[in-house]
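Order of appearance sets the numbers: ligands from 1, and atoms from 1 within every ligand.
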Amino acid sequence: MNIQQAEQSKLCGQHAVVIGASMAGLLAGRVLSDHFERVTIIERDCFPTGVEARKGVPQGRHAHGLLTKGASILMEFFPELFPALLEGGSSDADMVADLRWHHFGVWKAQFPSNMTGYIQSRPFLEEHVRSCLAARENVRFIDGCEVAQLCANSDRTSITGVQLRHRNGAQSEETLSADLVIDASGRGSQAPQWLTSLGYARVKEESVKVDVGYASRVYRRPSQLPSNWKALLIYPKAPEGKRAGLILPMEGDAWMVTLAGWLRDYPSDDETGFLDYARSLPMPDLYEAIKDAEPVTPIVTHKFPANQRRYYERMARFPEGFIIVGDALCSFNPVYGQGMTVAALEASALQACLQQQQSRGTRRNVAGFAHRFQKAVAKVVNVPWQLATGEDLRYPQTVGKRPPGTSLLHWYMGRVHELVASDHRATLRFYEVMNMLKPPLALFEPHILFAVLFKGQRQRRGHDAAVGQVEAEKREMEGAPR
Ligand SMILES: Cc1cc2nc3c(=O)[nH]c(=O)nc-3n(C[C@H](O)[C@H](O)[C@H](O)COP(=O)(O)OP(=O)(O)OC[C@H]3O[C@@H](n4cnc5c(N)ncnc54)[C@H](O)[C@@H]3O)c2cc1C
């Protein structure tokens with residue numbers, strides 16, 4: 001057996017097909033290229049020739065932050081990616097020192113950390129990831145082509161490929177066989193309908209309705225940059241406040257400015273309304289930064305109705321040879337910036353499951369794999385789902401299941417948010433959890449727990465006493481009875 005044959009005998013199958021060439025599809029494609037002889041990625045859109053947002057990924061016109069965990073996974077998969085991004089104009093930033101973030105009524109502390117982030121526009125990132133993947137010999141893209149249906153074996157227990165509909169030119173149809181089909185077609189995924197049409201039950205879905213609206217505009221980055229931030233975030237104190245705004249640097253010496261509002265408090269797409277909305281944020285810094293800056297694009301909007309999760313792992317019957325990842329599985333309120341990082345974590349889970357499959361001696365056979373993978377990936381999704389929906393549930397108007405202990409958790413996290421203004425250890429843990437480098441349990445370590453339970457109370461008692469005294473002195477000066 002020569003080296004190539006030996007390598008191939010380790011593979012899980014001949015051909016894997018990925019539906020959708022956005023972040024989840026590209027990352028899954030990267031992993032599959034290590035485990036299948038050939039990988040084909042099908043994309044409904046025609047790829048743009050330059051760096052631009054496309055129809056299938058309309059969110060590309062809005063601010064996209066990549067969390068540190070996501071960046072480190074991308075770095076593992078594509079060592080050449082970040083040098084190329086930086087070369088092309090991405091910004092690197094210390095995720096604590098260079099981020100000026102007002103949240104929950106306080107500015108978070110800023111100090112040097114070892115958390116590096118890379119900031120750029122979403123289409124710029126996606127285009128670079130796609131070209132890194134395209135450089136792999138066994139990966140092929142078919143764009144301008146949609147998957148219209150899944151193909152199954154005669155007793156419909158296994159998915160055997162996909163039905164393609166080419167959209168450019170003749171609108172021709174074609175069948176593509178595959179050992180494994182991965183749905184990464186986003187939150188509008190047809191997988192629930194495809195499965196029911198094959199005789200499977202309808203997947204159980206959960207949603208937490210938030211009605212978030214985005215409005216974004218690119219500005220030229222001013223020559224005189226603020227000295228204390230590369231990225232600026234102004235977030236509300238829920239449930240009183242519903243408006244947020246952020247400025248992220250992007251390639252081409254530009255700023256991506258995004259305004260966002262919860263529960264239909266949508267930012268406007270006209271010039272005056274956009275600036276008025278910016279002025280109405282809890283702090284004036286964002287408005288001050290853009291009021292004299294030069295806009296270079298029109299204002300674009302996007303509406304995001306609800307966090308949405310599909311529980312494929314709970315289906316009693318599920319076909320072999322088909323898995324679901326990315327927003328098609330779970331899509332989060334985008335204001336927390338989790339989607340791409342979760343897609344990266346899911347790709348890592350795919351890597352682990354495929355390696356396990358091979359070590360079981362089930363090479364060239366994906367039997368049992370689909371169910372095992374959906375169970376593994378559900379675990380990946382649990383924490384970010386709880387983080388996103390947990391914060392959204394601070395608004396009493398949010399429609400969704402409130403897990404027991406929600407109010408207590410809100411109280412605790414509210415204290416942590418306050419602590420993060422001054423306590424560096426708590427700040428670091430907060431950023432580590434937010435960047436998915438540590439589990440949320442890290443926010444309950446003794447130092448933070450103690451500070452939340454006692455320090456906050458002492459400070460609040462001190463604050464309340466001081467406020468009481470000022471009020472009393474004011475009344476005394478006005479001659480009012482005490
Ligand atoms: C407004 C907004 C802002 C966001 N901000 C952030 C952020 O700051 N940070 C972050 O990490 N995440 C953010 N996200 C989430 C992030 O964009 C997604 O989680 C990420 O793109 C992964 O999604 P995906 O690849 O699963 O699906 P999508 O990005 O939705 O892509 C699906 C792809 O599948 C293609 N497709 C669909 N159907 C078919 C078919 N039948 N056949 C072939 N192709 C098909 C589409 O054309 C598209 O290319 C944001 C989302 C929104 C809406």
Name the option, out of Pro334, Ser185, Ser216, that contains the heavy atom nearest to atom 2 (C) of ligand 1.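 Nearest heavy atom to atom 2 (C) of ligand 1 lies in Pro334.
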If hydrogens are left out, which of Cys330, Ala344, Ala148, Gly20 has an atom nearest to atom 34 (O) of ligand 1, that is, the closest non-hydrogen atom?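 Minimum heavy-atom distance to atom 34 (O) of ligand 1 goes to Gly20.
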For residues His302 and Tyr214, establish whether the separation of their ring centroids is below 6.0 Å.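 Judged by ring-centre distance (under 6.0 Å), His302 and Tyr214 do not meet the cut-off.
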Test of ring centre spacing under 6.0 Å for Phe430 and His417: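 They qualify: ring centres under 6.0 Å apart.
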If you draw the axis of the six-membered ring of [Y], does the NZ or CZ of [X] fall within 45° of it and under 6.0 Å from the ring centre?
| X | Y | result |
| --- | --- | --- |
| Arg394 | Phe104 | no |
| Arg243 | Trp262 | no |
| Arg130 | Phe47 | yes |

Taking heavy atoms and a distance under 4.0 Å, where does [X] meet ligand 1: side chain, backbone, both or neither?
| X | result |
| --- | --- |
| Ala184 | backbone |
| Ser189 | neither |
| Arg54 | side chain |
| Ala343 | neither |
| Arg44 | both |

Number the atoms of ligand 1 from 1 as they appear, then name those within less than 4.0 Å of a heavy atom of [X], with their elements.
| X | value |
| --- | --- |
| Ile42 | 43 (C), 44 (N) |
| Tyr214 | 1 (C), 3 (C) |
| Glu146 | 42 (N), 43 (C) |
| Cys145 | 43 (C) |
| Gly337 | 7 (C), 8 (O), 9 (N), 10 (C), 11 (O) |
| His302 | 1 (C), 53 (C) |
| Gly326 | 26 (O) |
| Ile19 | 40 (C), 42 (N), 43 (C) |

Minimum heavy-atom distance between Ser33 and Arg136, given as atom pair plus value: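 Nearest heavy atoms, Ser33 then Arg136: OG-NE, 2.8 Å.
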Are any of the N or O atoms of Gln59 closer than 3.5 Å to those of ligand 1?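 Right, the criterion is met.
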Is there any N or O on Gly339 that sits under 3.5 Å from an N or O of ligand 1?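 Yes, at least one N or O pair falls under 3.5 Å.
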When you check the gap from the basic side-chain N to the acidic O, do Glu52 and Arg61 get nearer than 4.0 Å?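 No, no charged N to carboxylate O under 4.0 Å.
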Salt bridge present between Glu126 and Arg54 (N-O < 4.0 angstrom):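 So Glu126 pairs with Arg54 through a salt bridge.
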Listed by chain and number, what are the ring-ring contact (aromatic ring centres under 6.0 Å, His included) partners of Tyr200, not counting sequence neighbours?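 Checked Tyr200 against ring-ring contact (aromatic ring centres under 6.0 Å, His included); zero matches.
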Looking only at heavy atoms of [X], does any of them come nearer than 4.0 Å to an atom of ligand 1?
| X | result |
| --- | --- |
| Gly60 | no |
| Ala63 | yes |
| Arg122 | yes |

In terms of residue, atom name and distance, what is the protein heavy atom nearest to [atom]?
| atom | value |
| --- | --- |
| atom 11 (O) of ligand 1 | Met340 N, 2.7 Å |
| atom 19 (O) of ligand 1 | Asp327 OD1, 2.7 Å |
| atom 25 (O) of ligand 1 | Ala24 N, 3.0 Å |
| atom 47 (O) of ligand 1 | Glu43 OE2, 2.6 Å |
| atom 14 (N) of ligand 1 | His64 NE2, 3.3 Å |
| atom 41 (N) of ligand 1 | Val147 O, 3.1 Å |
| atom 9 (N) of ligand 1 | Gly65 O, 2.8 Å |
| atom 28 (P) of ligand 1 | Ser22 OG, 3.5 Å |

So, [X] and [Y]: side-chain donor and acceptor under 3.5 Å apart, yes or no?
| X | Y | result |
| --- | --- | --- |
| Glu251 | Ser121 | yes |
| Tyr311 | Glu206 | yes |
| Arg122 | Ser22 | yes |

In a check of side chain to side chain donor-acceptor pair (under 3.5 Å) between Arg372 and each of Glu313, Gln356, Gln357, which one passes?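 Passing option: Gln357.
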Out of Asp392, Asn307, Thr389, which residue meets the side chain to side chain donor-acceptor pair (under 3.5 Å) rule with Asn333?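 It is Asp392; the other options fail the test.
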Hey, does Glu80 have a side-chain heavy atom less than 4.5 Å from the side chain of Cys132?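 Contact flag for Cys132/Glu80 side chains = yes.
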How would you list, by chain and number, every residue that makes a side chain to side chain contact (heavy atoms under 4.5 Å, CB included) with His371, sequence neighbours excluded?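 So His371 forms a side chain to side chain contact (heavy atoms under 4.5 Å, CB included) with Lys375.
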